[in-house]
Number of protein chains: 2
Amino acid sequence: MESTSQTSLFERLKESLESLRKSERKVAELVTEDPSFVMESSMSAVAARAGVSEPTVMRFCTGLGFDGFQAFKLALAQALILGVPSVESAMNRGDSVAELASKIFDQTISSIDRSRRFLDLDQMEAAVQTILESKALVFIGLSASGLIAQDALQKAQLFGIPCSAPSDTHQQFMAAAMTDPDTTFVVISNTGRTRSTNRVAQLARSRGATVIGISGDDTPMMQLCDIKIVAKTFENTDVYTPTVSRLAGLVVIDILSTAVSLRRGEAHFADFESMKAGLAGYARMTDGETLPVATPFD
Amino acid sequence: MESTSQTSLFERLKESLESLRKSERKVAELVTEDPSFVMESSMSAVAARAGVSEPTVMRFCTGLGFDGFQAFKLALAQALILGVPSVESAMNRGDSVAELASKIFDQTISSIDRSRRFLDLDQMEAAVQTILESKALVFIGLSASGLIAQDALQKAQLFGIPCSAPSDTHQQFMAAAMTDPDTTFVVISNTGRTRSTNRVAQLARSRGATVIGISGDDTPMMQLCDIKIVAKTFENTDVYTPTVSRLAGLVVIDILSTAVSLRRGEAHFADFESMKAGLAGYARMTDGETLPVATPFD
DNA sequence: GTATTTATGTAGTATTACTACCAAAACCAC
DNA sequence: GTGGTTTTGGTAGTAATACTACATAAATAC
């Protein structure tokens, strides 16, 4: 399958639009204008509506790297359900809640898919190894990225090593100033341009700590990090576009924490089980209601 | 398209497995076992590998409500990219980071798609209206749901009305005990069985506040709420399954906050713009780096 | 045990995707 | 401009695929 490439179908279409010959461009335009029609129709119908011949449609598909029209249609169906790219689905003042919900779900799903395509698994592996070898963990972030840090803290507390997520800049600075080479800092910033976060990363690193960066792109912050994890989403061009970046960040945290938990082995698993039992008991005692054993989180 | 129904293709397959005649069941089993093969193959190939005739495959497709084999393949392609249901992709101790990442992305995307299908838009609309008419907002949640509450708070601060998200149970209780009918409480709990959260919901409501509940299902907590928003995901059967519920909750918050912001109109928009400018200026002053204007969040 | 319904396969047809080949257009050297 | 060359687009034909009508086999009911 060719769709394992990094960029999504619509992005590739847009990029190659210039380099296409004008008949094929007609096809490309039809695809972007009315993808559902193309998905549901036969090659002859597509050719007729685009005003070209069938082989042109065929060449268009193979030119994009697909085996044929069928394969292209499948890829198009997949791209379609992941949602139209964010630019085409900007929020309007008159949108109903239903329309907004649809657009936001589209953006969310397509963004997570995008971050999936761009995620560097080698860096993830390196991050897991680093965390496993660390004696302490510190998570750093502000506002939306701060929430990701708090989420990471909730999960990291199950690792069995000291960990913290100072939430204001001064405490973050202090944590970095006092750190040591056995500690790993996870610094999170979507823009990668938040000066205070960058300063913390730099300081922690200068004191020998390993610094893992989670950012929306290859940002300035990444230069200050030993391990660079890019959680790429679609850029927020619109004011009202919700911040999908935090969702991508949370998924990265999910992957890291799951991998670390699994690698920590049986001994840790026993602790984990007893924690769960304890938490369930605690909830029963204090709140009079049993938490489901399988979900320690609320 | 038939795929606009609530349940996903794989769920429908599982449900109808019993009612199928045994030849068609062979096809269904092949689809669940090796969906990629079915997606990539022709009808004859599928029929051959399932050990049935082509018309049986055809009947299987039309029986599920599709126009034909092609239409079924498109739906399958879409279901596939949304990820295989969680049960089939449990985490194993020996999984590589790449495998874990793949499984977690699958679960995340398919869960968000699921919550999309189940989201009650009328309740969302009611929630938006309620928030617009409120004079104050309070967000309540613990642990993972607490993070959602904090996220909601970050967004709600742009609404221009007093809002808070007390994070410990005592402060939550106090907020409920002191509330009034002009205030709206948004109580968040995936399980809906957290006693303290439920108590807060009950108390706030008894004092006349409107209570919006966000939960993973039609849980006990929902009985205590005026407006019930279900953010449905795939159940966490596995211990190591990450909590996708918080992501669904965050998307709900995205939709609510975007809708509310848009409805508040031009006056509020001006405030919002000036806040952005101010924040950018603040970042420049204090941190020596400019935040992109379009993204007030880090 | 026969009749009736249900389930499955056989054989045929129409559609569809794909390919080999050819014609027109564009480009270029001179 | 003209002749050669390359690029681009279309025609026609072929192989395959999806789909349908029909017949047979199995199961059920009476």
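A, B, ... follow the sequence lines: proteins, then strands. Residue 1 opens every chain.
In this structure, the CZ atom of A/Phe66 is 13 Å from the P atom of C/dC18, given to the nearest Å. Separating the CG atom of A/Leu74 from the C1' atom of C/dA17 is a distance of 13 Å, rounded to the nearest angstrom. A straight line from CZ of A/Arg59 to C1' of C/dA20 spans 12 Å, rounded to a whole angstrom. Across the protein-nucleic acid pair, B/Met43 atom CE and C/dA14 atom P stand 17 Å apart, rounded to whole Å. If you measure from atom CZ of A/Phe69 to atom C1' of D/dT17, you get 14 Å, rounded to the nearest angstrom. The nearest whole Å value for the distance from the CD atom in B/Glu54 to the P atom in D/dT20 is 13 Å. D/dT20 atom P lies 10 Å from atom CG of B/Asp67, rounded to whole Å. Remark: C1' of D/dT17 and CE of B/Met58 are 12 Å apart, rounded to the nearest angstrom.
Between B/Ser42 and the phosphate of D/dT17, there is a side-chain N or O to OP1/OP2 separation shorter than 4.0 Å. For C/dT8, the OP1/OP2 oxygens have a side-chain nitrogen or oxygen of B/Ser23 closer than 4.0 Å. Taking 4.0 angstrom as the limit, A/Thr56 places a side-chain polar atom (N or O) nearer than this to OP1 or OP2 of D/dG10.
With the nearest nucleotide of DNA chain D identified for both B/Lys73 and B/Lys22, B/Lys73 has the one nearer the 5' end. Along DNA chain C, the nucleotide nearest B/Gln70 and the nucleotide nearest B/Ser53 are compared for position; the residue whose nucleotide lies closer to the 5' end is B/Ser53.
Proximity of A/Ser36 to A/Asp34: side-chain heavy atoms (C-beta onward) are separated by under 4.5 Å at one or more points.
Of the candidates D/dA18, D/dT8, C/dA17, the closest approach to any side-chain atom of A/Arg21 belongs to D/dT8. Listed candidates were D/dA18, D/dA21, C/dT8. Nearest to the side chain of B/Pro55 is D/dA21.
No option in A/Thr233, A/Leu247, A/Asp106 other than A/Thr233 meets the side-chain contact (heavy atoms from CB on, under 4.5 Å) test with A/Ser111.
At distances below 3.5 Å, not a single donor-acceptor pair connects side-chain atoms of A/Gln123 with backbone N or O atoms of A/Ile227.
When all heavy atoms of A/Val128 and B/Val97 are compared, the pair lying nearest together is CG2-CG2, 4.1 Å.
When only modelled atom types and interatomic distance are considered, B/Ser261 and B/Thr258 share no side-chain donor-acceptor pair under 3.5 Å.
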